[in-house]
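Comments concern the structure below.
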Amino acid sequence: MAQQSLSYLLVLSLLAFTPLCLCNKYQGGYLYPQFYDHSCPRAQEIVKSVVAMAVAREARMAASLLRLHFHDCFVKGCDASLLLDSNGNIVTEKRSNPNKNSARGFEVLDEIKAALERECPNTVSCADILALAARDSTVISGGPNWEVPLGRRDARGASLSGSNNDIPAPNNTFQTILTKFKRQGLDLVDLVALSGSHTIGDSRCTSFRQRLYNQTGNGRPDYTLHPSYAAELRNRCPRSGSDQNLFFLDFVSPTKFDNTYYKNLLASKGLLSSDQVLVTSSEASKNLVIQYAENNELFFEHFAKSMVKMGNISPLTGSRGEIRKNCRRINSY
């Protein structure tokens, strides 16, 4: 009888420790938060430490690292293909329109990778580093925390065309953006919640100039942009030149991860066209914007869930891909 009770308790304890919502089965293996608990116990601590130092040096880096994870996952899945430099047959995704002159933070990832290689060589993938750095950047900026499912492996190739075609652009229509999300298995809630990452970071003049001067090709500004805000933006974003001038995506609290981004949208003060269309092009999307503007906790909850979902896009697991020693090149180079 005692033996039966012991067996029963063992089964219950095993069930209790089975990852329910954060364990995802893929060909050859699982993603789960405890993936490195034995092979590299300090992995998450090391990533967090380097990210914290980088953001302390430059607050903008938090948004840059978060953006890299997004731009990686939307091209061939979350496989660190974005981090590869051109070499041999590989043409880097860093040259694509969404990344050229704007993707940044690669040196921070190099620093993280070097520290992890010293601690536990050939163990932690660059794809997992991207996922962890995105989470840590969010938390450090005041945003939500979540457990990151781990166990991704790194791609041995990149896709310049995928980077040009699959990443939503600042001037895309709402329907085009939603279609690009749905192709990745993401839905409307994911789109609106993940757009909230624009509560931190900057954008270049060239990314929204058309809204100020020629939104529909008739030489007129975007009627959905608040006139006083448009006038303010035109001061530093002229009709030509100054392409690289930077502007806060959320001018109210640019380095704090909060729901002010959504409040700005409701005031017609979203910086990018792809931001403002969340209010002007879809009632369902607008309703979510209103909910997040009113309820910061709901935004945080949905953002965290959507980040886990995005991080699960087509990962390489098991024996597929590799664990790069250097995030910028595949191991054979």
Do Ser273 and Asp222 have side-chain N/O donor and acceptor atoms under 3.5 Å apart? no
Contacts of type side-chain contact (heavy atoms from CB on, under 4.5 Å), residue Thr280, not counting sequence neighbours: Thr224, Gln276, Val277
In terms of side-chain heavy atoms, does Asn172 have a donor or acceptor partner in Ser274 at a distance below 3.5 Å? no
Any side-chain donor paired with an acceptor under 3.5 Å for Asn264 and Tyr229? no
Would you say Ser125 and Arg152 are linked by a side-chain donor-acceptor pair, where the criterion is simply a distance under 3.5 Å? no
Is any side-chain heavy atom of Arg328 closer than 4.5 Å to one of Lys94? yes
Quick note, disulfide (SG to SG under 2.5 Å) partners involving residues 170-228, not counting sequence neighbours, are Cys205-Cys237
Exactly one of Arg204, Arg209, Arg236 clears salt bridge (Lys or Arg N to Asp or Glu O under 4.0 Å) with Asp243, and that residue is Arg209
All ring pair (Phe, Tyr, Trp, His ring centres under 6.0 Å) counterparts of Phe106, not counting sequence neighbours: none
Min side-chain heavy-atom separation Pro149-Asn312 under 4.5 Å: yes
Phe299 and Tyr261: aromatic ring centres closer than 6.0 Å? no
Might you point out which heavy atoms bring Ile90 and Ala158 nearest each other, and give the distance in Å? CG2-CB, 4.1 Å
